[in-house]
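As structure tokens, the structure follows; a few thoughts come after it.
Atoms considered below: every heavy atom in the structure, side chains included; atoms not considered: hydrogens, waters and symmetry mates. Positions are given from 1, in the same order as the sequence printed here.
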Amino acid sequence: MSDQCAIVAAIFPTLVNWTANACCGSGGIYCSLGTSGVVTTLDLRNRSLTGPLSSRIGELTSLVSILLSYNSLSGTIPAELSNIDSLNYLYLDWNNFSGKLPPELGRLPNLKQLTIRNNSLTGPIPTEYGGLQNLQYLTFENNFLTGGIPPGLGKLTHLDNLWLTNNSLTGEIPAEFGVTNSIQYM
């Protein structure tokens, strides 16, 4: 089994149904160069996954997409996701994640879509998320987030979808949102 496949198997042991060295192309696991490259996509939506998401996911540093929606993953969101500089899409919605949003996710330079709606997250939206310069889509709706909306989110020039409804956010919408013309849905 390749090192990358071994990591995937350690993170999601109930999914191990591939043979020999090939996890690529098996049930939502996609790799560069077909079946011989590194893991680039985990599309494991609606797979009845349970338990915490292992911090080892941060070892899959070539991932472009992590799609884990519609499962029953729980615990905190691992800060080690911030090790994946190539990450464009992070879908953790419709799970049972709790705790605070990890500020470290604000260091993902290529992140375009971040969707973590319908969980049980608490605390403020980290100000570090204002550094996600390529972010286009952000949804945190239906959690238990508190505090204000970070002004830095209003400076994200590519952000065109922002969904924060059904939280306990307080305060005014920051003036920075009046400057950008890119937001179509808020």
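At least one side-chain heavy atom of L121 sits under 4.5 Å from a side-chain heavy atom of I77. Here the side chains of N143 and F97 are not in contact, with every heavy-atom distance at 4.5 Å or above. Residues L73 and L92 have side chains not in contact (no heavy-atom distance under 4.5 Å, counting atoms from C-beta outward). Within the 4.5 Å cutoff, the side chain of T170 has no heavy atoms near those of the T146 side chain. Put simply, the side chain of S120 reaches to within 4.5 Å of the side chain of F144, judged on heavy atoms. Considering only heavy atoms from C-beta on, Q4 comes within 4.5 Å of L60 through its side chain.
The shortest non-hydrogen separation linking G130 to Q133 is O-NE2, 3.4 Å. The nearest pair of heavy atoms linking Y89 to L111 is N-CD1, 4.1 Å. Closest of all the heavy-atom pairs between S55 and P78 is CA-CB, 4.0 Å. In plain terms, the two heavy atoms of L42 and F12 that are nearest each other are CD1-CE1, 4.0 Å. Taking each heavy atom of L159 and L153 in turn, the nearest pair found is CD2-O, 3.8 Å. The two residues T61 and N83 come nearest to each other via the heavy atoms CG2-O, 3.8 Å.
Formation of a donor-acceptor pair under 3.5 Å by the N71 side chain with backbone atoms of R47 is found in this model. Between the side chain of N110 and the main chain of L87, no donor-acceptor pair closer than 3.5 Å is present. A distance-only check finds no donor-acceptor pair linking the side chain of N142 to the backbone of N118 [under 3.5 Å]. Here the side chain of N95 pairs no donor or acceptor atom with the backbone of N119 at under 3.5 angstrom.
Atom CG of N161 sits about 12.5 Å away from atom CG of L114, to the nearest 0.5 Å. Between the OG1 atom in T139 and the CG atom in L164 there is a gap of 7.5 Å [rounded to 0.5 Å].
Each of L68, L67, I29 was evaluated against D43; a single residue qualifies, L67, per the side-chain contact (heavy atoms from CB on, under 4.5 Å) test.
Ring geometry for Y70 against W94 counts as parallel: the plane angle stays under 30°, on a 0 to 90° scale with 60° as the upper cut.
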**OP:** Go through the steps for S69 and D93 under the test side-chain hydrogen bond (donor to acceptor under 3.5 Å, both in side chains), then give the verdict.
**Re:** CA-CA 5 Å; S69 307; D93 51 327; 2.3 Å; yes

**OP:** Tell me, with the steps shown, if V39 and L63 meet side chain to side chain contact (heavy atoms under 4.5 Å, CB included).
**Re:** CA-CA 6 Å; V39 177; L63 282 170; 3.8 Å; yes

Subject >> Residues L90, T115; criterion side chain to side chain contact (heavy atoms under 4.5 Å, CB included); working and verdict >> reply: CA-CA 6 Å; L90 180 57; T115 176; over 6 Å; no

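Salt bridge annotation for E59-R56: present, with a cationic side-chain nitrogen under 4.0 angstrom from a carboxylate oxygen.
C31 has its SG atom within less than 2.5 Å of the SG atom of C24.
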